[in-house]
Amino acid sequence: MTDVNNVSTNCSFIFDNAERRRQLFGTNIAVIVLNSIFALTTTFQNLPVIYSILKTPSLHNPSYVLLCSLATTDLFVGCFIQPLYIAHNAMLVDGQRFSCALWYAKETLLLLFMFLSICTLVLISTERWLALHFHLRYREIVTMTRTLSSIGLTWFFCTASVIAWPIGLDMYIFTMVGIIVITIAALLLLFTYIKIFLILRHHRALIESQAKLQPQSVNLRKHRKSSATMLYVVVLFFIFYSPTFYAMIHYLESDSDFSSVDQTILWEVAKTVSLINASANPVMYYWKMRELRRAMRNVFGFSSATRVHVGDVLTPGSGSMDNNFRSRNEQQRQGSFSVRPRGSNVGLSRSDIHQDQGTESTTEAKPQLERKVFLLPRFLEPGPSFRG
């Protein structure tokens with residue numbers, strides 16, 4: 001490398017000198033400050049999400065595995081990409097020589113995790129569509145093995161495509177490839193969510209035309225909420241990455257050099273905004289996903305007294321207390337009462353305990369046996385038995 005007052009980098013399309021650094025000084029400072037803040041928030045928001053999913057057996061399903069993959073991608077953004085941006089821009093502000101290797105590392109990782117994020121969103125939207133379209137055969141079609149294989153193939157192909165740039169692919173061609181990939185993924189997401197909307201509207205029409213809800217309506221409501229949450233995540237992705245998409249198009253259409261001051265400022269602003277998306281996604285999870293909030297409270301010991309509703313089923317030995325209660329018929333809930341702490345004198349009469357077959361069990365039944373018991377409010381004791 002030569003002196004910083006002249007061309008000071010051996011990158012084929014990057015130029016660096018004292019005047020250029022002076023013009024980019026304010027941009028570099030802003031990039032350092034913003035990435036320093038959001039690197040911490042990204043890391044400390046995504047870590048609890050990943051840990052809670054891994055430690056909660058009830059969340060070990062395809063939907064939450066895909067969510068864990070997306071959160072892992074966001075975690076890598078806070079742990080690796082943003083620190084690399086901070087280090088690179090700090091070197092420029094400090095007057096050190098331009099590091100071509102560091103520049104390639106941060107740019108390559110940014111493109112990799114951008115591709116991983118949008119491809120994972122495509123997988124999530126496809127899984128949501130399958131859950132609604134094949135809701136009776138969902139567990140047969142969408143298995144954990146197929147989900148993990150899809151995630152592995154996504155990481156492999158995204159990594160292989162991004163590596164093609166540092167080993168010699170022209171920047172103009174690579175930018176065009178990036179635009180094509182983002183456009184195809186956006187069209188797939190749009191098509192998938194249109195199909196999801198049509199399915200939900202069809203099921204709502206069927207439900208409203210009947211006198212009572214079908215047995216599948218509870219599951220459909222759950223899938224609808226999950227699909228809506230992931231739609232918000234998709235919208236957030238395109239909001240935060242739209243400046244990067246614009247910067248790519250501007251680079252292809254303009255005659256300016258890739259390293260011109262105006263183009264560089266546009267790139268830096270666009271990429272900094274796109275990295276903030278990794279910090280915004282966990283906020284959406286915490287806000288919209290009740291099961292994830294419960295899992296986090298249980299894992300980190302912040303769970304409060306569990307509320308059991310009339311008609312809830314207690315399954316001993318099935319996991320955490322929150323997961324022990326499942327609604328037998330959520331549409332017939334009429335009240336709630338607090339679970340008494342362990343060790344209190346909770347009396348259950350013979351008429352309060354029912355097995356799955358509808359037969360009454362004796363009070364001498366062994367607690368070690370895993371049975372479903374139908375709990376009734378104490379103000380109904382010792383009235384007649386209520387069979388589900």
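Quick caveat, the model's predicted, so the values are computed rather than measured.
Separation of atoms CG (Leu70) and CD1 (Ile124) is listed at 5.0 Å; rounding is to 0.5 Å. Atoms CG and CZ, from Leu123 and Arg128 in turn, are 13.0 Å apart once rounded to the nearest 0.5 Å. To the nearest 0.5 angstrom, Met91 atom CE is 5.0 Å from Ser99 atom OG. Remark: Ile182 CD1 to Ile249 CD1 distance equals 9.0 Å, nearest 0.5 Å. We find the OH-CD1 distance between Tyr241 and Ile276 to be 11.0 Å, quoted to the nearest 0.5 Å. Atoms CD and CG, from Glu127 and Asn61 in turn, are 8.0 Å apart once rounded to the nearest 0.5 Å.
Here the closest non-hydrogen pair linking Leu116 and Thr154 is CD2-O, 3.9 Å. The two residues Tyr85 and Lys106 make their nearest non-hydrogen contact at CE2-NZ, 3.6 Å. Looking at every heavy atom in both residues, Cys68 comes nearest to Ile50 through SG-CG2, 3.8 Å. The minimum heavy-atom distance between Leu231 and Tyr193, with the atom names listed, is N-OH, 3.5 Å. The two atoms that bring Leu59 and Ser52 nearest to each other are CD1-O, 4.4 Å, heavy atoms only. Counting all heavy atoms, side chain and backbone alike, Asn28 lies closest to Asn89 at OD1-ND2, 2.7 Å.
Ile180 has its side chain within reach of Met176: a pair of non-hydrogen atoms, C-beta onward, lies under 4.5 Å apart. Side-chain contact between Thr143 and Thr147 is absent, with no heavy atoms from C-beta onward closer than 4.5 Å. Contact check for Phe76 versus Leu109: no side-chain heavy atoms found under the 4.5 Å cut-off.
Ser117 and Thr73 form no side-chain donor-acceptor contact under 3.5 Å, judged by distance and modelled atom types alone. Checked by atom type, the side-chain pair Arg294/Thr56 shows no donor-acceptor distance below 3.5 Å.
Checked against the 6.0 Å centroid criterion, the rings of Tyr138 and Phe134 do not qualify as a close aromatic pair.
Remark: side-chain polar atoms of Ser242 are paired, donor with acceptor, to backbone N or O of Ile239 under 3.5 angstrom. No donor-acceptor pair closer than 3.5 Å links the side chain of Tyr64 to the backbone N or O of Ser58. Here the side chain of Arg21 pairs no donor or acceptor atom with the backbone of Val93 at under 3.5 angstrom. Side-chain atoms of Asn35 never come within 3.5 Å of backbone atoms of Pro83 as a donor-acceptor pair (strictly under, hydrogens ignored). Side chain of Gln45 to main chain of Ser279: a donor-acceptor pair is present (N/O by atom type, distance under 3.5 Å, no hydrogens or angles). Listed for the His133 side chain is no donor-acceptor partner under 3.5 Å among the backbone atoms of Lys195.
Between Glu19 and Arg22 a salt bridge is recorded (basic side-chain N to carboxylate O distance below 4.0 Å).
A continuous path of hydrophobic side-chain contacts links Val122 to Val235 [ILVMFWY only; heavy atoms under 4.5 Å]. Placement of Met114 and Trp267 within a single hydrophobic cluster is found when ILVMFWY residues are connected by side-chain heavy-atom separations under 4.5 Å, directly or transitively. No path of Ile, Leu, Val, Met, Phe, Trp and Tyr side chains, each step under 4.5 Å between heavy atoms, connects Trp129 with Phe191, placing them in separate hydrophobic clusters. Ile118 and Leu75 sit in two unconnected hydrophobic clusters of ILVMFWY residues. Membership requires side-chain heavy atoms under 4.5 Å apart, directly or through other members. Hydrophobic clustering (ILVMFWY, side-chain heavy atoms < 4.5 Å, transitive): Leu121 and Leu187 are in distinct clusters.
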Check against side-chain contact (heavy atoms from CB on, under 4.5 Å), Val65 and Leu148: CA-CA 8 Å; Val65 168; Leu148 294 174; 3.8 Å; yes
Kindly determine whether Ile32 and Ser36 satisfy side-chain contact (heavy atoms from CB on, under 4.5 Å), including the steps that lead there. CA-CA 6 Å; Ile32 293 173; Ser36 299; 4.1 Å; yes
Let me see the working for Ile265 and Glu268 under side-chain contact (heavy atoms from CB on, under 4.5 Å), right down to the final yes or no. CA-CA 5 Å; Ile265 293 176; Glu268 293 298 316; 5.8 Å; no
Test side-chain contact (heavy atoms from CB on, under 4.5 Å) applied to Cys119 and Trp155, step by step: CA-CA 9 Å; Cys119 290; Trp155 280 71; over 6 Å; no
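No more than 12 heavy-atom neighbours from other residues, nucleotides or ligands sit within 6.0 angstrom of OH on Tyr232. Remark: Phe245 CZ is packed, more than 12 non-hydrogen atoms of other residues, nucleotides or ligands lying under 6.0 Å away.
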